[in-house]
S.K.: 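Pasting a structure here, questions to come.
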Amino acid sequence: MRSKSNIFSTILLMIAFTLNSVTFAFTSPEEGMFTPDQISQLNLKKKGLKIKPIDIYNPNGISLADTIMRVNIASGGFGTGEFVSANGLILTNHHVGFDALVANSTPEKDYAKNGYKADSVANELPAKGYTLLLTKRVENVTDKILTGTANLSGEELNKAIEKNTKDLEGQEKAKNSNSTIRVQSLNSGYFYYLYETQEIKDVRVVYAPPQNIGFFGGDPDNFEWTRHTGDFTFLRAYTAPDGSFAEYSPNNVPFKPKKHLTISLDGLKTNDFVFVLGYPGGTTRYRESQSIDYSQNVNFLFIGDYLKTWSNALVKVGETDEEKRIKLQDQIFSLNNSVKVYEGNVAAINRADFVNQRKAQEAKFAEWVKADPKREAKYGKVLANLSRISDGYYSSSARDRVLRTFPNPGSTPVFKQIYDVIQAVNFGKKLGDDKAGQEKRTEIEEAFKEREPSVEYEIIKFFLRKADELPNGQKFDALETIFRGLKGKERRDAEAELAKSIAENPDFSSPENIVKLYDMSIDQLKDKYKKVVDLVISLSESRAEINVLSARFNSEIDNLRLLYQQGMAEMKGVEPYPDANASLRFSYGEVKGYNPREAVTYTPFTTLKGTIDKDTGIFPFDVPNKLKELQKSKDFGRYGVGDSVPVNFLATTDIIGGNSGSPILNGDGEQVGIVFDGNYEGLGNDIFFNPDYGRTIAVDIRYVLFVTEKFGDAGWILNEMTIKGKAKSANAG
């Protein structure tokens, strides 16, 4: 469940809402990724919480929140981790730490496949490029940011908010010089939150199981139940000897956290209360129906196809080059993970008929507004204005979605440089020897370092085909001219030839050759590469038009979305929880199975016996022989329950990408599991939460410790952890 970076952001707002003495009421009582300051306002004791809310988050003292961190991955994305010892030991997911294993692997030492075990602290493996974000404080500062803005609008409002934000950040930085202070707008300005954070820059791998445990079931089982995956890895945080947050050095020492989690071996049973602390990436649960419709019918479908094409092209590269296969496997996993997310999002929105659900809410809202003159004055034009600007913005949405993504520096890095050259030359610009010119030369060199021509070829073909599939009225004129009269196989062949003329052209095969293009005139470029130049110039012009359209849309949408959210909340009589934004959040629920379809019931626990039942001897269902032997001999140590070892379980906690690696804790605040996935039927949860289908999939903490000690012979790691209790009954999971 690795989170992806969010592309879109917005600004603007109007009115403040305080969170003193408010009521949270949702479709399900377990819906919500709550900010830490909201925890005390939830009726958690009745649900089964045995500790006090201040034990979970205490801005003026030590609490469970001090054990949680965001794990920033070297190649992009992030997950969650938690301190599980006083010596900086961290537990997170195998797929969160996988990038570090890949980066350190060679054909001779394939840590990604075979796992890694440090026999001592001295042998821990540097996770280069990884960092850890620790949250010291989270504060709702909406009132402070909106001070003096009650009668302002437009640019005056923006300037006042900007000034208040800078002033508050400056004041807080003066008081907390060792921290990073950031104030962020949430929900189009419904909330403003201040975050005080610190960053650890030296992270190392302690123990990771082999891939046939950490990624058992692979893509076929991804987002599916039942699961039998040991998706965990132990890392360690390091600082300089003086405690400062320094880059990697062999002289650094393990970090000493304020607090670490206690591990419970007592297990869980159905309906037990549990909660999660972590860093969910991003949600948009309060959007208007037009935005949801676009996500379902345009955006998610396109992105899923695009990422699938990219992944398949990378797989082909690895089939003929073992070194590249090892190097690319993390990227392939990440892409495949995202493909399934986008496909599942579309399926979930369709299943719930959620666009029509939201339209029905809007119809009810319209009637509610009309019933009161004051509400009419405030909210009367919101829905009409949302329709007006959405009709204009989304009228070319299919075309704009394709053109906005092409070229892409990730999947088509060299074509992106060719695009930049033709744009520059077309406007009479040369590549100088100044700072900007040197930076561009460096960028060109970087584009070739990881570039695979065959991948670029497949991606360009994909975009050309997608342009051909655009609906009438949204066609891309440049390509309709280039491929005039061609249909079916003839057009596919012509598209392949154009893609080849870009991806496999010797003139574009090195940084030096790209730099030379800057010395040519636009007429010279047209003489040699007419179709490519015509394509790029038209792309450039179309993307400029799209940018104007987007700017016009963004200039209005935030204020309308703010009023829309305010009105909906007022109608329902609730205070919304903020959309997730990769900051520290709390969610709660219970251990519970579900019914994915008619006549099918999923129970919430799996065991090592079920893992072995799936064994085929072929990846990703190849159970290690030692695991089979441990099950056969019932050599479970203190981790067995009945005739096996618990492996995975389900809970109703509200999570999303970014929560990967989050601890699941029992009512006593003890760790009983580690989040690693959601279920396929529960996808779409960035847009809505479905209590009937949405489930968190977690690794039982007993399986984590069993694999580490009994399979991995790394029991020394457990010696520094605080472990209590023992599994007692055969039905405990």
Side-chain angles (χ1 to χ4, degrees), residues 82 84-85 89-94 115 117 206-210 212-217 226-234 260-270 272 274 591 603-615 623-651 661 663-676 696-733:
E82 55 269 10
V84 291
S85 88
L89 187 68
I90 296 163
L91 183 59
T92 189
N93 282 155
H94 183 271
K117 178 179 68 173
V206 180
Y207 174 72
N212 55 4
I213 290 178
F215 191 40
F216 182 81
T226 57
R227 293 297 295 273
H228 299 83
T229 309
D231 194 346
F232 75 91
T233 289
F234 285 101
H260 66 276
L261 293 178
T262 295
I263 307 299
S264 172
L265 299 182
D266 287 338
L268 297 164
K269 59 183 183 299
T270 299
D272 275 356
V274 288
V591 176
T603 56
F605 301 105
T606 63
T607 69
L608 181 56
K609 282 200 308 180
T611 308
I612 294 170
D613 286 343
K614 286 184 175 179
D615 180 44
V623 179
N625 286 330
K626 188 173 181 179
L627 272 187
K628 297 178 191 177
E629 293 167 2
L630 289 168
Q631 172 63 47
K632 184 176 181 180
S633 63
K634 294 183 170 52
D635 185 6
F636 306 141
R638 51 182 168 162
Y639 313 112
V641 178
D643 62 350
S644 197
V645 178
V647 175
N648 296 155
F649 65 89
L650 296 173
I664 285 197
L665 303 110
N666 61 21
D668 292 311
E670 302 160 343
Q671 186 169 12
V672 289
I674 177 171
V675 173
F676 74 95
T696 294
I697 306 177
V699 188
D700 193 297
I701 199 66
R702 292 167 292 184
Y703 191 59
V704 171
L705 303 185
F706 167 75
V707 169
T708 303
E709 178 182 340
K710 304 295 289 185
F711 175 87
D713 296 320
W716 69 271
I717 296 171
L718 278 57
N719 294 336
E720 63 179 275
M721 301 168 68
T722 303
I723 303 171
K724 62 177 287 190
K726 184 178 180 180
K728 297 175 182 177
S729 63
N731 65 356

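Predicted model only: the values in this text are computed from it and were never measured.
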S.K.: Please find the pair of heavy atoms, one from D231 and one from H94, that lie closest to each other, and give the distance.
M.R.: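 In this case the closest contact between D231 and H94 is OD1-N, 2.7 Å.
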S.K.: With a 4.5 Å cut-off on side-chain heavy atoms, are L627 and N212 touching?
M.R.: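 They are not in side-chain contact.
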S.K.: Check D266 against G725 and note the closest heavy-atom contact, atom names and distance.
M.R.: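 Smallest interatomic distance, heavy atoms only, reads OD1-CA, 3.3 Å.
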S.K.: Applying the side-chain contact (heavy atoms from CB on, under 4.5 Å) criterion to Q671, which one of L91, T722, T262, I664 satisfies it?
M.R.: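 Among the candidates, only L91 passes.
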S.K.: Are the side chains of P209 and F216 in contact, using a 4.5 Å heavy-atom criterion?
M.R.: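 With C-beta onward as the side chain, the pair stays apart.
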S.K.: Between T606 (side chain) and T226 (backbone), is there a donor-acceptor pair under 3.5 Å?
M.R.: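 No, the answer is negative, given that no donor and acceptor are paired below the 3.5 Å cut-off.
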S.K.: Show the nearest heavy-atom pair for residues P646 and V641, with the distance to one decimal.
M.R.: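 So the minimum-distance heavy-atom pair works out to CG-CG2, 3.7 Å.
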S.K.: Verify, without hydrogens or angle tests, whether T229 (side chain) and F215 (backbone) share a donor-acceptor contact under 3.5 angstrom.
M.R.: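 No; judged by distance alone, with no hydrogens or angles, the pair does not exist.
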S.K.: I'd like to know if the side chain of D668 reaches the main chain of E670, judged simply by a donor and an acceptor atom lying under 3.5 Å from each other, with no hydrogens or angles considered.
M.R.: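 Checked: no pair found.
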S.K.: Any heavy-atom pair between the side chains of L89 and Y207 that's under 4.5 Å?
M.R.: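 Result no, sub-4.5 Å side-chain heavy-atom pair not found.
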S.K.: Taking atom CG of N648 and atom CG of L608, what is their separation to the nearest 0.5 Å?
M.R.: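 Between N648 CG and L608 CG, I get 11.0 Å after rounding to 0.5 Å.
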S.K.: Between E709 and I717 (side chain of the first, backbone of the second, donor and acceptor by atom type, cut-off under 3.5 Å), is there such a pair?
M.R.: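 Looks like no, no N/O pair under 3.5 Å.
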S.K.: Ignoring hydrogens and angles, tell me if any N or O in the side chain of K710 forms a donor-acceptor pair with the backbone of G637 under 3.5 Å.
M.R.: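 Judged by distance alone, no pair lies under 3.5 Å.
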S.K.: Stepwise, does the side chain to side chain contact (heavy atoms under 4.5 Å, CB included) test hold for D272 with V672?
M.R.: CA-CA 11 Å; D272 275 356; V672 289; over 6 Å; no
S.K.: Against D643, only a single residue in K609, Q631, K634 fulfils side chain to side chain donor-acceptor pair (under 3.5 Å); can you say which?
M.R.: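 Passing option: K609.
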S.K.: Just so I know, are the side chains of L665 and L261 near enough to count as touching, which here means a heavy-atom distance under 4.5 Å?
M.R.: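 L665 reaches L261 side chain to side chain.
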S.K.: Under a 4.5 Å cut-off applied to non-hydrogen side-chain atoms, are I674 and E82 in contact?
M.R.: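 Yes, side chains in contact.
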S.K.: Give a yes or no answer on whether the side chain of D615 reaches the backbone of V623 with a donor-acceptor pair at less than 3.5 Å.
M.R.: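 Yes; judged by distance alone, with no hydrogens or angles, the pair exists.
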S.K.: So does A714 get a backbone contact from the side chain of T708, meaning a donor-acceptor N/O pair under 3.5 Å?
M.R.: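 Between the backbone of A714 and the side chain of T708 there is no qualifying donor-acceptor contact (under 3.5 Å).
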S.K.: Strictly distance-based, threshold 3.5 Å: is any side-chain N or O of N93 a donor or acceptor partner for the main-chain N or O of V675?
M.R.: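 Confirmed, N93 side chain pairs with V675 backbone.
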S.K.: Hey, could you give me the OG/CG distance between S85 and N719, rounded to the nearest 0.5 Å?
M.R.: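 One gets 11.0 Å once the value is rounded to the nearest 0.5 Å.
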S.K.: Parallel under 30°, tilted from 30 to 60°, perpendicular over 60°: which one fits the rings of F706 and F636?
M.R.: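 Rings of F706 and F636: perpendicular, as their planes differ by over 60°.
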S.K.: Starting at CD of E720, measure out to CZ of F234 and round the result to the nearest 0.5 Å.
M.R.: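 The distance works out to 9.0 Å.
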S.K.: Roughly how far, to the nearest 0.5 Å, is the CD1 atom of I697 from the CZ atom of F649?
M.R.: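 So the gap between those two atoms works out to 11.0 Å.
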S.K.: Starting from the C-alpha separation in whole Å, work towards a yes-or-no answer on side chain to side chain contact (heavy atoms under 4.5 Å, CB included) for V274 and V591.
M.R.: CA-CA 7 Å; V274 288; V591 176; 4.2 Å; yes
S.K.: Any side-chain heavy atom of H228 sitting closer than 4.5 Å to one from D613?
M.R.: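 The answer is no; the side chains never approach within 4.5 Å.
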S.K.: Can a donor-acceptor pair be found, under 3.5 Å and without considering hydrogens, that links the side chain of T233 to the backbone of A208?
M.R.: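 Checking the backbone N and O of A208 against the side chain of T233, no donor-acceptor pair under 3.5 Å is found.
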S.K.: Say you draw a straight line from CZ of R702 to CD1 of I263; how long is it, rounded to the nearest 0.5 Å?
M.R.: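 Reported value, rounded in 0.5 Å steps: 12.5 Å.
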S.K.: K626 vs D713, test: side chain to side chain contact (heavy atoms under 4.5 Å, CB included). Steps then yes/no.
M.R.: CA-CA 11 Å; K626 188 173 181 179; D713 296 320; 3.1 Å; yes
S.K.: Can you measure from CZ (F605) to OG1 (T270) and round to the nearest 0.5 angstrom?
M.R.: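 Here the interatomic distance stands at 4.5 Å.
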